[in-house]
Novice: 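Have a look at this one.
All values below come from the heavy atoms of this structure, side chains included, with hydrogens, waters and symmetry mates left out. Naming convention: chains lettered A, B, ... in sequence-line order (proteins, then strands); numbering from 1 in each chain.
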Amino acid sequence: MLQVNYIRENRAKVLEGLTLRNFKQPELVDEIIKTDEERRQIQTSLDNLSAIANSSAKQIGELMRNGKKDEAEALKAETTSNKELIKNLSEDFAAAETKLHSLIVQLPNLPYHLVKAGSTPEENEIVSVHGEPAALGEKALPHWELTAKYDIIDFELGTKITGAGFPVYKGKGARLQRALINFFLDHATAEGYREMQVPHLVNEASGFGTGQLPDKEGQMYHVGIDGLYLIPTAEVPVTNLYRDVILKEEELPVKNTAYTPCFRREAGSYGAHVRGLNRLHQFDKVEIVQVVHPDQSYEVLENMSAYVQSLLQKLGLHYRVLRLCAGDMGFTAAMTYDMEVWSAAQQRWLEVSSVSNFETYQSNRLKLRFKGATGKTQLAHTLNGSALALPRIVAAILENNQTEKGIKIPEALVKYTGFEYID
RNA sequence: GGAGGGAUGCCUGAGUGGCCGAAAGGAACAGUUUGCUAAACUGUCGUACUGGCAACGGUACCGAGGGUUCGAAUCCCUCUUCCUCCGCCA
């Protein structure tokens, strides 16, 4: 959520940023400024009236203590008339705040200056490409055939238990999942992230804090009876750990990592592109999250990107790094790098990680601040990234590493799987 | 699930209708003193909105939301959460 004061003082910049994003309702900005103006006017009147009421109440107390009952009663009568006014103004004030909030929540984050205009995935910038595509013969199979061939992932079985998009991992398939989770977690820990285990269901306040609510309401599974949501990513619980927290400056940067399953409704996406492991309703992911000093957040973003890339390199995957264009970025991000691995059998790039700097967009919602040497509290910057999301990594490993002898497990992973081939 | 007891500032903890944005102690920070460390002494020490060029003010907040009252940390209602006991259970 953008800060009202910032919007008020930087109207032109805000509009410019929104335009870059192709934001459809720039008129919201002026509406926000206008509502804020009203809000402040009401507050001024309300504060003045309250000040009078407070001093009257004090006087009445004074008079009572001195036994001047008549005078006290007279003053009481006078004050009563103010009450109605204060009550009305308070209601107006609350209404203005609610309105302001509901408006400001509709504005996405502003893109960082390096982010280019654009609205479609095709307009994303390719920052770099690493490795070579695996050279596969004519007989190369897509992963959904490989998983059936080696009986390691069962999509139909999952359908019976739950529905489409909830696969069952079997034997070496299950073991591969566990190996990847440990591999990612071990590396994150070595990189200085603290491993956390967090709830997989979150309340509404948490959903709001990281920006899933109210924007992406329909993307999350909702446990209505308890008012809870299944997490679409560990970002939600891990970042919300710091909701309503004022950190000491020396506690920064905060670096946490967590493995969680992720649940996404993915309403309305069907077809060839979502076959197999390409898009699931439940999948596993290791996430890295940082809370940092505003001066450092872009440096940290680069570090996180480099870290994620180091994982892809260790797994021997051909990948590329994209800087998302303004219109393709998530609502809450100021800058995002996507990492995509090459799926040799499908002949397409698969997104396996998204690393973003949210600047103060989340921290403003979360009230996540730090107190600096000057004693001033200010909003921290938050960042997070997948490191990594499993299904598409699995898809790429299966497809790119298929051989006559079976699926060859990447060298770095063998000590985690305990086997070299899936056959 | 049932019964009872709590929730106050960074921490401990006082406060049961006005003089309380909140005692006291501790921690932390700054300074004085000191050969160094320690101790002692002095000062600072919540958040947010808002008025003002500033100096300096105003308002709100004592788990959350409502209510009573001229006036609420204090009384009433609802909710959340923690603790103790009972029941159930991985």
Novice: Could you check how far CG of A:Asn203 sits from C1' of B:U81, rounded to whole Å?
Specialist: 12 Å

Novice: Whole Å only: how far is the CD1 atom of A:Ile86 from the P atom of B:C70?
Specialist: 13 Å

Novice: Give the residues of residues 53-63 of chain A touching RNA chain B, defined as any heavy atom closer than 4.0 Å, sorted by residue number.
Specialist: A:Asn54, A:Ala57, A:Ile60, A:Gly61

Novice: Give a yes or no answer on whether the side chain of A:Gln219 reaches the backbone of A:Pro232 with a donor-acceptor pair at less than 3.5 Å.
Specialist: no

Novice: What residue among A:Phe263, A:Phe155, A:Phe166 forms ring pair (Phe, Tyr, Trp, His ring centres under 6.0 Å) with A:His281?
Specialist: A:Phe166

Novice: Can you check the A:Asp244 CG to B:A64 P distance for me, whole Å?
Specialist: 11 Å

Novice: Between B:U47 and B:U32, how far is it from one C1' atom to the other, in whole Å?
Specialist: 32 Å

Novice: For A:Lys13, is there an ion pair with A:Glu16 - N to carboxylate O distance below 4.0 angstrom?
Specialist: no

Novice: Can you tell if the side chain of A:Ile33 reaches within under 4.5 Å of the side chain of A:Asp30, non-hydrogen atoms only?
Specialist: yes

Novice: Can you list the stems that RNA chain B is part of, where a stem is at least 3 pairs in a row, each Watson-Crick or G-U, with both distances below 3.5 Å?
Specialist: B:1-7 with B:80-86, B:10-12 with B:24-26, B:28-32 with B:40-44, B:46-51 with B:56-61, B:63-67 with B:75-79

Novice: Expressed as a whole number of angstroms, how long is the span from A:Glu250:CD to B:A28:P?
Specialist: 13 Å

Novice: Is it true that a side-chain atom of A:Gln106 and a backbone atom of A:Ser102 form a donor plus acceptor pair closer than 3.5 Å?
Specialist: yes

Novice: Under the side chain to side chain contact (heavy atoms under 4.5 Å, CB included) criterion, do A:Tyr361 and A:Leu2 qualify, and how do the steps go?
Specialist: CA-CA 6 Å; A:Tyr361 194 89; A:Leu2 301 177; 4.2 Å; yes

Novice: Calculate the interatomic distance between A:Leu89 atom CG and B:A60 atom P; express it in whole Å.
Specialist: 13 Å

Novice: Taking the same atom, P, in B:C85 and in B:G9, what whole-Å distance lies between them?
Specialist: 26 Å

Novice: Using the P atoms only, state how far B:G52 lies from B:C45, rounded to an integer number of Å.
Specialist: 25 Å

Novice: Walk along nucleotides 45-51 of chain B from 5' to 3' and tag each nucleotide B, S or - by protein heavy-atom contact under 4.0 Å, base first, then sugar-phosphate.
Specialist: -SSSBSS

Novice: Measure CG/A:Asn48 against P/B:G52 and give the value in whole Å, please.
Specialist: 12 Å

Novice: So, does A:Arg175 use its side chain to make a donor-acceptor pair with the main chain of A:Thr417 at under 3.5 Å?
Specialist: yes

Novice: Roughly how many Å is it from CD in A:Glu73 to C1' in B:G71, rounded to a whole number?
Specialist: 13 Å

Novice: In whole angstrom, give me the gap between the C1' atoms of B:U42 and B:A60.
Specialist: 33 Å

Novice: Mind checking the C1' distance from B:A24 to B:U8? Whole angstroms is fine.
Specialist: 14 Å

Novice: Rounded to the nearest Å, what distance is computed from the CG atom of residue A:Asn82 to the C1' atom of nucleotide B:G71?
Specialist: 13 Å

Novice: So does A:Thr210 get a backbone contact from the side chain of A:Arg243, meaning a donor-acceptor N/O pair under 3.5 Å?
Specialist: no

Novice: For the pair A:Glu399 (side chain) and A:Ala345 (backbone), establish whether a donor and an acceptor sit closer than 3.5 Å, ignoring hydrogens and angles.
Specialist: yes

Novice: What distance, rounded to whole Å, do you find between the two C1' atoms, one in B:A73 and one in B:C61?
Specialist: 11 Å

Novice: Can a cation-pi geometry be assigned to A:Lys172 and A:Phe419, taking NZ or CZ under 6.0 Å from the six-membered ring centre and within 45° of the ring axis?
Specialist: yes

Novice: When the C1' atoms of B:U81 and B:C70 are considered, how many whole Å apart are they?
Specialist: 35 Å

Novice: Suppose you measure atom P in B:C20 against the same atom in B:U68; what distance do you get, rounded to whole Å?
Specialist: 26 Å

Novice: I'd like to know if the side chain of A:Thr239 reaches the main chain of A:Val236, judged simply by a donor and an acceptor atom lying under 3.5 Å from each other, with no hydrogens or angles considered.
Specialist: no

Novice: Can you see which heavy atom on A:Ala188 is nearest to which on A:Thr257, and at what distance?
Specialist: CB-OG1, 3.7 Å

Novice: Quick one: on RNA chain B, does A:Ser50 or A:Lys76 contact a more 5' nucleotide (nearest heavy atom)?
Specialist: A:Ser50

